[in-house]
Amino acid sequence: MELFAFLSHPIWFFTFVLLVIILRAKRKGPWNPRQCKKDLTGKTAIVTGANTGIGKMVATDLARRNARVILACRSKERGQKALTEIREQTGNRNVTLAILDTSSLSSVRTFVERILQEEKRLDILVNNAGASGLPHSITPEGFEKTFATNHLGPFLLTNLLLDLMKHSLPSRIVFVSSFIHTKGVINIKHLKGEELHDLHISEYYNCTKLMNLVCSNELARRLEGSGE
């Protein structure tokens with residue numbers, strides 16, 4: 001009843017209607033990637049964690065735009081399934097699979113060696129692979145697994161591929177982060193699983209996303225004006 005009484009006053013009613021019109025006019029509609037006609041023929045892209053979720057969607061969109069897309073996945077079985085689906089959905093046969101486990105720096109180096117041997121250019125790198133809720137554990141290389149998977153691996157991958165990307169200008173590097181980074185903290189000792197006693201295991205993810213953001217910003221500063 002109070003709402004009806006409020007709307008019964010002409011001035012308030014007019015104000016209410018005007019506000020609704022303004023909000024509706026400024027409301028952003030759903031994003032449809034197919035409205036963008038950008039063609040990526042001749043471009044090469046790597047998408048980590050491309051077998052599911054955001055990574056798969058990004059890889060599919062890049063393939064639809066005729067890019068050569070390398071699906072960097074930890075699981076060969078799941079990666080192969082995504083590869084088949086993306087090829088069928090886009091008609092792009094120039095989509096390949098390469099095994100990459102970002103929690104292992106050795107795996108990152110092996111992956112990069114293959115890329116440098118087989119690829120003449122790299123135009124787009126999407127650092128999407130990540131994990132949350134992993135039980136606390138230390139990798140054989142001595143790093144906490146969530147921090148290695150979400151930050152150290154992508155950090156090393158990006159730096160090892162920088163020279164190839166510089167020879168493919170203009171190129172783009174993307175770190176997929178999250179608004180949850182606002183709840184993260186940075187402590188270098190966390191990378192080796194130290195001084196984590198004040199953090200719940202779910203908070204590890206928040207910290208890695210903040211690391212991604214800081215890394216991305218610093219990389220952008222260092223590469224400013226270079227075309228990357």
Quick one: salt bridge (charged side-chain N to carboxylate O under 4.0 Å, His left out) partners of Arg78, sequence neighbours excluded?
none
Could you tell me which residues satisfy side-chain contact (heavy atoms from CB on, under 4.5 Å) with Thr146, sequence neighbours excluded, listed by chain and number?
Leu134, Glu144, Asn150, Tyr204, Thr208
Count I, L, V, M, F, W, Y as connected when their side-chain heavy atoms are under 4.5 Å apart, and connections chain through other members. Are Leu161 and Leu40 then in the same cluster?
no
Could you pull out the closest heavy-atom pair between Ala72 and Leu100, with the gap in Å?
CB-CD2, 3.8 Å
Please answer: with hydrophobic residues joined when any side-chain heavy atoms are less than 4.5 Å apart, are Leu83 and Ile124 in the same cluster?
yes
Can any side-chain N or O of Thr44 pair as donor or acceptor with the backbone N or O of Leu122 at less than 3.5 Å?
no
Nearest 0.5 Å, what's the CD-SG distance between Gln80 and Cys73?
10.0 Å
Minimal heavy-atom distance between Thr48 and Ala129, with the atoms involved, is OG1-N, 2.8 Å
I need the Ser104 OG to Leu152 CG distance, nearest 0.5 Å.
11.5 Å
Shortest non-hydrogen pair, Lys209 vs Val176, comes out as NZ-O, 3.1 Å
Is a side-chain N or O of Thr90 found less than 3.5 angstrom from the main chain of Arg64, in a donor-acceptor match?
no
I want to check something: taking the side chain as every heavy atom from C-beta on, are Leu219 and Phe175 in contact at a cut-off of under 4.5 Å?
yes
Rounded to the nearest 0.5 Å, the OG atom of Ser177 sits from the CG atom of Asn127 at a distance of 11.5 Å
Would Arg114 and Glu119 pass as an ion pair if we require N to O under 4.0 Å?
no
Of all heavy-atom pairs between Thr149 and Thr102, which one has the smallest distance, and what is that distance?
O-OG1, 2.9 Å
Please say yes or no: joined through hydrophobic side-chain contacts below 4.5 Å, possibly via intermediate residues, are Leu105 and Leu162 part of one cluster?
yes
For residues Ile173 and Phe111: do they belong to one hydrophobic cluster (side chain heavy atoms under 4.5 Å, members Ile, Leu, Val, Met, Phe, Trp, Tyr)?
yes
Grouping I, L, V, M, F, W and Y whenever their side-chain heavy atoms are under 4.5 Å apart, do Val126 and Leu97 come out in a common cluster?
yes
Taking the side chain as every heavy atom from C-beta outward, state whether Leu157 and Val112 have any atom pair closer than 4.5 Å.
yes
Let's go through Leu71 and Asn51 carefully: what are the C-alpha distance in whole Å and the side-chain angles of both, what is the deciding distance for side-chain contact (heavy atoms from CB on, under 4.5 Å) to 0.1 Å, and is it a yes or a no?
CA-CA 7 Å; Leu71 311 181; Asn51 60 283; over 6 Å; no
Are the side chains of Met211 and Phe155 in contact, using a 4.5 Å heavy-atom criterion?
no
Drop me the distance from Ser171's OG to Lys166's NZ, to the nearest 0.5 angstrom.
9.5 Å
Side-chain heavy atoms of Arg109 within contact of Leu156, under 4.5 Å:
yes
Looking at Arg68, I'd like to know if its CZ atom is crowded, meaning that more than 12 non-hydrogen atoms belonging to other residues, nucleotides or ligands lie closer than 6.0 Å.
yes
Main-chain N/O of Asn212 paired with Ser216 side-chain donor or acceptor, under 3.5 Å:
no
For the CG atom on Leu116, are there more than 12 heavy atoms of other groups (residues, nucleotides or ligands in this structure) within a distance under 6.0 Å?
yes
So, does Ser168 use its side chain to make a donor-acceptor pair with the main chain of Arg121 at under 3.5 Å?
no
Calculate, to the nearest 0.5 Å, the distance between atoms CD1 and CD1 belonging to Ile115 and Ile46 respectively.
4.0 Å
Sub-4.5 Å side-chain heavy-atom contact between Thr158 and Leu125
yes
For Lys56, enumerate each residue passing the salt bridge (charged side-chain N to carboxylate O under 4.0 Å, His left out) test, keeping only those at least two apart in sequence or located in another chain.
Glu85
Minimum-distance pair of heavy atoms, taken over all atoms of Ser103 and Thr139
O-CG2, 3.8 Å
Interatomic spacing from CD1 in Ile86 to OG1 in Thr60 - rounded to 0.5 Å
4.0 Å
Counting only N and O atoms by type, is there a donor-acceptor contact under 3.5 Å from the side chain of Asn92 to the main-chain atoms of Ala63?
yes
Quick test of your reading of the model: are Arg222 and Glu218 salt-bridged, counting only N-O distances below 4.0 Å?
yes
Closest heavy-atom pair and its distance - Val95, Arg87:
O-NH2, 2.7 Å
